[in-house]
Amino acid sequence: MVEQYNARQVEEKIKTSEKPKVSGTYNPKETETRIKSFWEKEKIYRFDSKKKGKIYSIDTPPPTLSGKMHIGHAYSYSQQDFIVRFHRMNGNVFYPFGTDDNGLPTERLVEKLNNVKSKTMKREDFIKMCLKTLKEITPDFIADWKNLGVSCDYDIYYSTIDNNSRKLAQKSFIELYKKGLIYKKGFPTLWCPDCQTSVAQAELDDKELPSLFSTLRFKCNDKDLLIATTRPELLGACVAVFVNPSDKRYKNIVGKKAKVPLFNFEVPIIEDESADIEKGTGVLMICSYGDKYDAEAINRHKLSPKIVLNYNGSLNIEPYSGLKLKDARKKILEDLKNNGFIVEQKQISHNVNTHDKCGTEIEFLPTKQWFIKILDKKKKFLEQGNKIKWHPEFMHKRYDNWVNGLEWDWNISRDRHFGVPIPVWECEKCKEIIVADEKELPIDPTEHKKKCTKCKIEAKAEGKVLDTWMTSSISPQIVSSLVKTSENSKIEIPFSLRPQAHDIIRTWLFYTVVKSLYQENEIPWNNVFISGFVTLGGEKMSKSKGNVISPQEVMEKYSADALRFAAAGAKLGEDSDYQEKDLVTGKKFETKLWNASNFVFMNLTGYDGKKPKKIERIDELFLMKLNELVKTCTESFENYEYSRAKIETEKFFWQIFCDNYLEIVKKRIYENKAGEKSSQYALYNGLLTILKLIAPIMPFITEEIYQSYYSKNEAYKSIHLSRWPTVEKVDKTDELDVFINILTKVRYEKSKAQKSMKAEVKLVLTKEEKSKIVDLLEDLKDVCCAREINEGKEFGVEFV
RNA sequence: GGGCUAUUAGGCUAGUGGCAAACCGAUUCCUUUACACGGAAUAUUCACCAGUUCGAUUCUGGUAUGGCCCACCA
């Protein structure tokens, strides 16, 4: 069992421990639990609204509340936390937390947990049940984020279905409606027959499906007119037949009528560029509606559509009434075949659009929906995109591609039961729209009666709900509303950062830009930080494939710090493959950090914290080298390149600090040589700096080491509130490199001779070598175990 | 079909206009005043073809192969 400590006990422990606690083996499980409660108790990550100075604000992504944290979350939230922790050490951060529970996944979860069906309940009651259920299950869900060390201020919390979020989403609707940016229109829209709702372009997925490509026999003046189709079930909705104007084969029949097989009605034969001469038979049948081009074509030629599809995906045309699309297709093909209307049939595979929530093939149905105008502002959205700094830069292209490819206005209404209601009523007589008063929000119009201001009769409540992105797209406004602002701490839009994954650039990211432009006339954030996915063996993880890595188990086995360490290896924006060896490396790094700290503290007895008058050259060179690392890490973190900071710090700590510097100063410290104080100074500050540099990535172990030694001398109660190391201007010198180079050569000779590194030698250096490290000869002698160092024509090692 | 991105040691990945690198693994050795969960060393490598350049793994163009996004869907 994990031993539980509270913060007071931690304090006691620290106070009462005379000797440095860093000894024995590192126990991450116990430590992480204890450090986590210390952070919570001391409110280390609380947003301080009174603190002066610039605020680094984060538009934290709210994870969907369903099930548990998955490994992708673990990586991406770690990555954003690296950046946040770096900025916290440079000033004040605003890092709220939210959960997304306004969507289908949560609806299903709540239904399952309470054994109810939302559609049979009053919407208001279902939302109440959601809020109650969520209150019960959310703490457990969030626990994983806390265990991982994600340093949000969890008191600044929102849920996308809570009263405040619903209120702001409705307010946003009303604001945009009043600005004339929202309209309601009957239109053939993307429709999911399974969810029985309209959907937005951004919710479409591709699916490669097998299909039958059938060439059918239409009739024109008793002659055959062959037309190929994959959608025979829509024959009854055929309203025209198109041929290309430059297709000589069909010139003579343009303007005549074609007879639709099986249904026996006639449709006009029209010239239209959209018919591809090469494809099929070159004749194209237009149905209402097979796809968006049908919709456009029907509009273009002012044809009247024949709607044969019901909202639930069944046909309404005899004799196929009531049959679902797939069954109807089967039956119609059968009938066509039996009547000799099929000339040719082949199996093909083609991509179809499906609904990303349920995988059902998307249909087109004319329904009345609410839209936000976006098509006429493409240029403006591209401009906004240009004002944002993208990390990595190439993700900007994805945004541009999406904006350029937009073909529909944003459909924001959904025919679902659960969600944020659209706060309007419509007079059935004069079609006047009555919007809710801001004071009434959040409101469910179906629960309230409103009269038409003109006709004075009762208006009809809108039954539809808003697209969940309608709420998510105002996340900056939602989190801003959660804190009281003071002079010092205005949470302003644009925020500093939006961290998110690349799969929702077209939705969350884009829609937030839209809202921010329409509501604030601003970009929502100055920086966007796009993380990649976590794969296993190069493949996407999914429950169905069974190749899922559970972050809870990884944390259990390797520690949260090790998991974060692995996440820090992933390059920004790129998918990274989960490799167990990265966790092994992370754990080893912990051990090494622990042992090295142990060694440093052991040798700091008698150190008074003051800077000695004389700093030995070797100590100075080490601190200068470290200064270069500080510079690199600072720049890297500023540019969101946490992985570079991690690699450089790891390399420096292991290779320069442990393998070389500690070995070099050992003898001086053991033997209380003259430069001891100087080395102690360098050890104390060197280790502290290294700890700070790696603290954003490994917050637990660095805090533990800080608490066990440094906190009593340093001004800050947590390493995560301490100040990031500053970069000093120093002259460059290669003395240390030359020194290490010589040391390497000595080690090589010892290794070749199969001798211990402690074997005593006589060393011969060239005049040039010797002159470069003239101040370091005594150190070289110590670390090489050299009895003497002589000058000669060439480098040489002699064993004694 | 368009866009983006990638191709580096046995595996997984950094990186750079001028001796090619970390980690895991393999091989050889080393040990006891931080750490064998350690240290020293060894082997093996920049997809292909052109161009720019004194010099290209790095820049440019193309080819091949993979991934992602978008489009096509009669």
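Below, read A as the first sequence line, B as the second, and so on, with proteins coming before strands; counting in each chain starts at 1. Because the structure is predicted, anything quoted here is derived from the model rather than measured.
- Contact annotation: A:Trp654 does not reach the phosphate of B:C23 (side-chain N/O to OP1 or OP2, under 4.0 Å).
- Contact of the A:Ile298 side chain with the A:Arg300 side chain is not registered, since no non-hydrogen atoms from C-beta on lie closer than 4.5 Å.
- Along RNA chain B, the nucleotide nearest A:Asp291 and the nucleotide nearest A:Glu650 are compared for position; the residue whose nucleotide lies closer to the 5' end is A:Glu650.
- Of the candidates B:A71, B:C12, B:C23, the closest approach to any side-chain atom of A:Tyr293 belongs to B:A71.
- Salt bridge status for A:Asp224 with A:Lys219: present, with a side-chain N to carboxylate O gap under 4.0 Å.
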Between N or O atoms, less than 3.5 Å apart, protein on one side and nucleotides 28-31 of chain B on the other: list the pairs.
none

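- Put simply, CZ on A:Phe589 is 13 Å from C1' on B:C23, counting in whole angstrom units.
- Across all strands, A:Cys658 comes closer than 4.0 Å to base atoms (heavy-atom distances).
- Taking the six-membered ring where tryptophan is involved, the planes of A:Phe601 and A:Tyr710 are perpendicular, since the angle between them exceeds 60° and thus also 30°.
- One distance of note links OH of A:Tyr399 with CG of A:Leu509; it measures 7.0 Å at 0.5 Å rounding.
- Base contact: A:Arg398 has a heavy atom under 4.0 Å from a base atom.
- Contact annotation for A:Thr585: backbone-only contact, meaning every heavy-atom pair under 4.0 Å involves sugar-phosphate atoms and none involves a base.
- One interatomic measurement links the two molecules: OH of A:Tyr399 to P of B:C69, which rounds to 19 Å at whole-angstrom precision.
- Between A:Lys397 and B:U5 there is no side-chain polar atom (N or O) within less than 4.0 angstrom of OP1 or OP2.
- Annotation: side chain to side chain donor-acceptor pair (under 3.5 Å) contacts involving residues 743-753 of chain A, sequence neighbours excluded, comprise A:Asn660-A:Arg747, A:Lys745-A:Glu769.
- In this structure, A:Lys306 is positioned above the aromatic face of A:Phe265, its NZ or CZ under 6.0 Å from the six-membered ring centre and within 45° of the axis.
- Sequence neighbours left out, not one pair with a member in residues 277-288 of chain A passes side chain to side chain donor-acceptor pair (under 3.5 Å).
- Whole-Å rounding puts the A:Glu648 CD to B:U13 P distance at 20 Å.
- Using a 4.0 Å heavy-atom criterion, one finds that A:Gln201 contacts the sugar-phosphate atoms exclusively.
- Checked against B:C37, B:U5, B:A74, the side chain of A:Phe394 finds its nearest nucleotide in B:U5.
- Taking a pair as Watson-Crick or G-U wobble with both distances under 3.5 Å, RNA chain B forms stems of 3 or more consecutive pairs at B:1-7 with B:64-70, B:26-30 with B:38-42, B:47-51 with B:59-63.
- Expressed to the nearest 0.5 Å, how far CD1 of A:Ile664 lies from CG of A:Asp619 amounts to 9.5 Å.
- The residue A:Lys646 sits apart from the nucleic acid: no heavy atom pair falls under 4.0 Å.
- Both tests do not hold together for A:Arg398 against A:Trp390: distance to the six-membered ring centre under 6.0 Å, angle to the ring axis within 45°.
- A cation-pi arrangement is present between A:Lys755 and A:Phe799, with the terminal nitrogen or guanidinium carbon under 6.0 Å from the aromatic centre and inside a 45° cone about the axis.
- Annotation for A:Phe218 and A:Met285: closest pair CZ-SD, 3.9 Å, computed over non-hydrogen atoms.
- At a cut-off of 3.5 angstrom, counting only N and O atoms as typed in the model, there is a donor on one side and an acceptor on the other between the side-chain of A:Lys581 and the base of B:C23.
- The existence of a salt bridge linking A:Asp575 and A:Lys540 is excluded, since no basic side-chain nitrogen approaches an acidic carboxylate oxygen closer than 4.0 Å.
- The distance from atom CG of A:Asp575 to atom C1' of B:C69 is 12 Å, rounded to the nearest whole Å.
- The side chain of A:His502 places no N or O atom within less than 4.0 Å of a non-bridging phosphate oxygen (OP1 or OP2) of B:U5.
- The gap from the C1' atom of B:U5 to that of B:A74 amounts to 34 Å, rounded to the nearest Å.
- Using a 4.0 Å heavy-atom criterion, one finds that A:Asp582 contacts no nucleic acid atom at all.
- Ranking B:C4, B:A22, B:G3 by closeness to the A:Gln655 side chain, first place goes to B:A22.
- In this structure, CZ of A:Arg506 is placed 8 Å from P of B:C69, rounded to the nearest angstrom.
- For residues 578-593 of chain A, the set of pairs meeting the side chain to side chain donor-acceptor pair (under 3.5 Å) definition, not counting sequence neighbours, comprises A:Lys557-A:Glu580, A:Tyr558-A:Glu580, A:Ser559-A:Glu590, A:Asp577-A:Gln579.
- Between B:U32 and B:U27, the two P atoms lie 24 Å apart (nearest whole Å).
- Taking atom C1' on both nucleotides, B:U16 is separated from B:C24 by 24 Å, rounded to a whole Å.
- Contact annotation for A:Glu580: no contact, since no heavy-atom pair falls under 4.0 Å across all strands.
- Within the 4.0 angstrom heavy-atom criterion, no nucleotide atom of any strand lies near A:Lys651.
- A salt bridge links A:Glu233 with A:Arg329: the distance from a Lys NZ or Arg NE/NH1/NH2 to an Asp or Glu carboxylate oxygen falls below 4.0 Å.
- Within residues 237-246 of chain A, no residue places a heavy atom under 4.0 Å from RNA chain B.
- Here B:G67 presents its P atom at 12 Å from NZ of A:Lys540, a figure rounded to the nearest Å.
- For A:Gln579 and B:G10, the CD to C1' distance is 13 Å, given to the nearest whole Å.
- A distance of about 43 Å separates the C1' atoms of B:C29 and B:U65, rounded to the whole Å.
- Comparing B:G38, B:C35, B:C72 against the side chain of A:Lys588 picks out B:G38 as the nearest.
- Here the separation of B:G2 from B:G11, taken at their C1' atoms, is 35 Å to the nearest Å.
- B:C46 and B:A9 have their C1' atoms separated by 10 Å, given to the nearest Å.
- Atom C1' of nucleotide B:G2 and atom CG of A:Asn404 are separated by 12 Å, given to the nearest angstrom.
- Here the separation of B:C12 from B:G25, taken at their C1' atoms, is 11 Å to the nearest Å.
- Residue-level contact check: A:Lys571 touches the backbone only, with heavy atoms under 4.0 Å from sugar-phosphate atoms and none from bases.
- Between A:Pro188 and A:Trp408, the shortest heavy-atom distance links the atoms O-CZ3, 3.5 Å.
- Relative to the side chain of A:Asp577, the nucleotides B:U13, B:A40, B:C70 differ in distance, and B:U13 lies closest.
- Here, B:G15 and B:A22 have their P atoms 15 Å apart, quoted to the whole Å.
- Checking A:Thr744 against A:Ile647, the closest nucleotide of RNA chain B that is more toward the 5' end is the one next to A:Ile647.
- Contact annotation: A:Tyr578 side-chain N/O to B:C12 OP1/OP2 distance is not under 4.0 Å.
- Note on A:Phe213: only backbone sugar-phosphate atoms sit closer than 4.0 angstrom, heavy atoms only; bases stay farther off.
- Between A:Phe637 and A:Ala645, the shortest heavy-atom contact is CE1-CB, 3.6 Å.
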